[in-house]
Amino acid sequence: MTMERQRRATRRQTLVGLGASGLTLAGTTMAAAQAKVAPITVVINQSPWFDSFCKTVELYEKETGNKVELDVNPFAGSLEKQRNSVRAKQGQYDLLIMNSGWFAEMYFGGFVEAITDIDPGFKLDPDVFTLGDTVFFDPAKKTMSRGGKLMSVPISPLIPVLYYRGDLYKAAGLTAPETFADLEANARKLHKPPRLYGIVQRGARGPATVSFDFYPYLYGFGGAIFKDQAAGDYKVTLNSEQGRTALDYYIRLAREAGHPKTAAMDQADLIQNMVTGKTAHVMMVIAAWSQMDDPTKSAVVDKVEFAPTPHAPGLTTAPGLGHWLGGVAKNVPDDRKRATVEFLRWYQTKPAQMATAQAGGIPVSAAIYREPIADERKYRWMKPLAQSLPHAISALNFPEAGEVIPILELGLNQAIAGETNSVVALNSMADQIHAVMAKYGYNTGKLPNLT
Amino acid sequence: MGERSLAPPIATTTATGPVGAARRPLHNDLLARWGTFGPALLLMLALGVLPLANLVYTSFHTVTWSDGRATFTPAGFTHYLALVDDPLLRAGLKNTVVFAVCAVGGQMLLGFALALLCSRVSRGRVLYRALFILPILIPGIVIGAIWKLMLNYDFGLVNQAIELVGFEPRNWLGDSATALASVIVVDIWHWTPFCFLLLLAGLESLPQDPYEAARIDGATWWQELRYITLPLMAPALLVTFAFRLVIAFKVFDEIYLLTGGGPVTATEVVSFTLYQRFFTEDRAGYGSAMAVAIIFLCSLLLVMALSVRRRSEGPA
């Protein structure tokens, strides 16, 4: 009996064992199937958020057994490598990490394959921010809107937010500014140059420097560069009354509560002024948050607070997008395209995005901003960022953006440096942008000159 | 002609034979010439002329990308005509001329002065030379980092030094009034050793007889310099000036690293404008036209410098 029992037990055990073996075998086979996707190569730039991306990729490799190679470059170098690769007969890079300044060039040029064309079953996670709908593209209408195909998955949703000195605010009895009037009042109150500037702005001429800094002011006052890009209406509206109000405000803030050398300030100067405690405010890309609390770099650890960029009364915050999107190159073999889609499918999941956040990155999924992590002191930037992201604006959604940006950079820098006034600068920029859009056959027009 | 012949020696020895045999050496001579010149000519065409021809061809087209393919649309002289109205190019040309003349002028003066001093030093000459040529050995990117730190408004050594003596700090690289001058100073610091080396070599190769005769006649140091050294050094000075001028005309790294062409267009130079138009804006056709125009200007500059040199040497 006992023996029989034992035998039965053994038989049962054998069956369980067989079942378990079967399941293990199936699991192994599935894992093996996952691991079977081809290795992929990612071309990416060396940014403050790169380390977090790198750690997230390591996690992907560990979890799936798939291989990902990263080709890391400086900003301009990454663009050149991408251009060289996508224009060749067969590309070297499978996943292109595209900046807001050049993703349109990749879409319009036909260099990126729609993700849903590679895998019709691919669904963008509903929690993932679509960042001004720049992940979609309609090749027929040449516009970016939800009606278009899914071309990319957000990799880093970079936008500017307001960094302000919480300790100084507390001492002065101030509250976080919501409107531009609040910001100006607070900046003036704290402005004690040269020991402390009310605000430091990024007014230098560069690849996308002063223009990126100006967007939250322009859009926050209700202005815009074009009438309606999503509808294909490229009428230039930069020289509107709202545009003038925004530029006048920017210049007044710089002259009366800002750094005396605003026209020469770049992002590194903003960070330097903030971490050395020389400014009460900066409006800067969120990727710099970790430097504020790094005791090896910062003299203001735990003293910096974050808020959405201010806006005019009755409007919402409107930061300009300086984001990064991941698109699959068209000129790579199909197996590598599928492997890249597998990576993107994994990257947009909540666990992957949580890993990104914990590694110091900026999550692209709204789900993370609802988690308890967003209430932790260390991640105090998360809530203001989550508030801002749905309102973020992509300023230039066409491949000739590279010709428009230098016009903005020069015109804005001239006005900020005092070489011309805001009216002349805005009219001149509008004229030049209109000429570019007309040259390339866009549906364009312009407002009457400001007087 | 016979002296310049590249034909093998056997051709001249067989040329003394009968008439029928003499034709073969001539034929061999031609073959030998083409055999030796041909590959070099092909190589030169492939490496020099072909890329240039491609650049010129592209400059007459507008290049656009669609469906992953490039389309070349004929543009005639549109790009060349547009160069005239390009505000960045205009500012770049003006600044490049100012930059090249001031920087090279400064380098020539300093380089020649240092070379004169070093040529008279009898002890420790090797040490001085090593010290003087140090900046030219430093990579451009390091020079950018060194001077970006030196000229920083908030914590740069230059501002700290002038504050010590009671002056207000200046935004050397960010102020339109000082940005170009600051970059010129950096370039002088960087390239003076180049002039120093060439001019020192020139000074050391000068004949000593005129100096000995002058000293016997009681000439002063200044008279030696004015009436012997400078006339004898004129060809070396002109060649150094011409070389440096062409190199200065192509300045890019210092501008890219220190000012990015700003503030506004205070330090915009033609190479930087070309970089923006061709690479950043990806306008291959227009950028090529600009490149052709810049090559033409550089060549013109070199021809002018060489003709001045020839004139200074007088008739042979």
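Proteins come first, then strands; the chains are lettered A, B, ... in the order of their sequence lines, and each starts at number 1.
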Heaviest contributor of heavy-atom pairs below 4.5 Å to chain B, chosen from Gly110(A), Gly101(A), Gly206(A), Pro139(A), is Gly110(A)

Contact part of Phe155(B) toward chain A, heavy-atom cut-off under 4.5 Å: side chain, backbone, both or neither?
side chain

Over 60° means perpendicular and under 30° means parallel, so classify the ring planes of Tyr275(B) and Tyr256(B), tilted if in between.
perpendicular

Between Ala103(B) and Ile188(B), which heavy-atom pair has the shortest distance, and what is it?
O-CG1, 3.6 Å

How are the rings of His61(B) and Tyr57(B) set relative to one another: parallel (under 30°), tilted (30 to 60°) or perpendicular (over 60°)?
tilted

Heavy-atom distance under 4.5 Å between the side chains of Tyr163(A) and Leu270(A), does that happen here?
no

Which of parallel (below 30°), tilted (30 to 60°) and perpendicular (above 60°) describes Phe137(A) and Tyr107(A)?
tilted

Heavy-atom pair count under 4.5 Å with chain A, highest-scoring of Gly174(B), Gly262(B), Gly68(B)
Gly68(B)

Parallel, tilted or perpendicular, as decided by the 30° and 60° cut-offs, for the rings of Tyr197(A) and His259(A)
tilted

Is there any residue in residues 85-93 of chain A with a non-hydrogen atom under 4.5 Å from a non-hydrogen atom of chain B, and which ones are they?
Arg87(A)

With ring centroids as reference points, do Trp102(A) and Phe75(A) lie under 6.0 angstrom apart?
yes

If the contact rule is any heavy atom under 4.5 Å from chain B, which residues of residues 271-278 of chain A qualify, in numerical order?
Gln272(A), Asn273(A), Lys278(A)

Structural part of Glu409(A) lying under 4.5 Å from a heavy atom of chain B
neither

Closer than 4.0 angstrom, basic N to acidic O: yes or no for Asp117(A) and Lys337(A)?
no

Has Asn413(A) got a side-chain atom pairing as donor or acceptor with Val264(B)'s backbone, closer than 3.5 angstrom?
yes

What part of Leu88(B) gets within 4.5 angstrom of chain A, counting heavy atoms only: side chain, backbone, both, or neither?
side chain

Whether Tyr286(B) and His79(B) hold their rings parallel, tilted or perpendicular, with breakpoints at 30° and 60°
perpendicular

Would you sort out whether Arg202(A) and Asp266(A) count as a salt bridge (Lys or Arg N to Asp or Glu O under 4.0 Å), showing the intermediate values?
CA-CA 5 Å; Arg202(A) 190 182 175 192; Asp266(A) 202 349; 3.2 Å; yes

Whether over 12 other heavy atoms sit under 6.0 Å from Phe243(B) CZ
no

With a 4.5 angstrom heavy-atom cut-off, is it the side chain or the backbone of Glu80(A) that approaches chain B, or both, or neither?
side chain

Side chain, backbone, both or neither: which part of Pro260(A) has a heavy atom under 4.5 Å from chain B?
side chain

If you count every heavy atom of other residues, nucleotides or ligands that lies below 6.0 Å from Phe77(B) atom CZ, does the total exceed 12?
no

Heavy-atom distances under 4.5 Å only: say whether Glu403(A) touches chain B with side chain, backbone, both or neither.
both

Part of Ala76(A) lying under 4.5 Å from any heavy atom of chain B
side chain

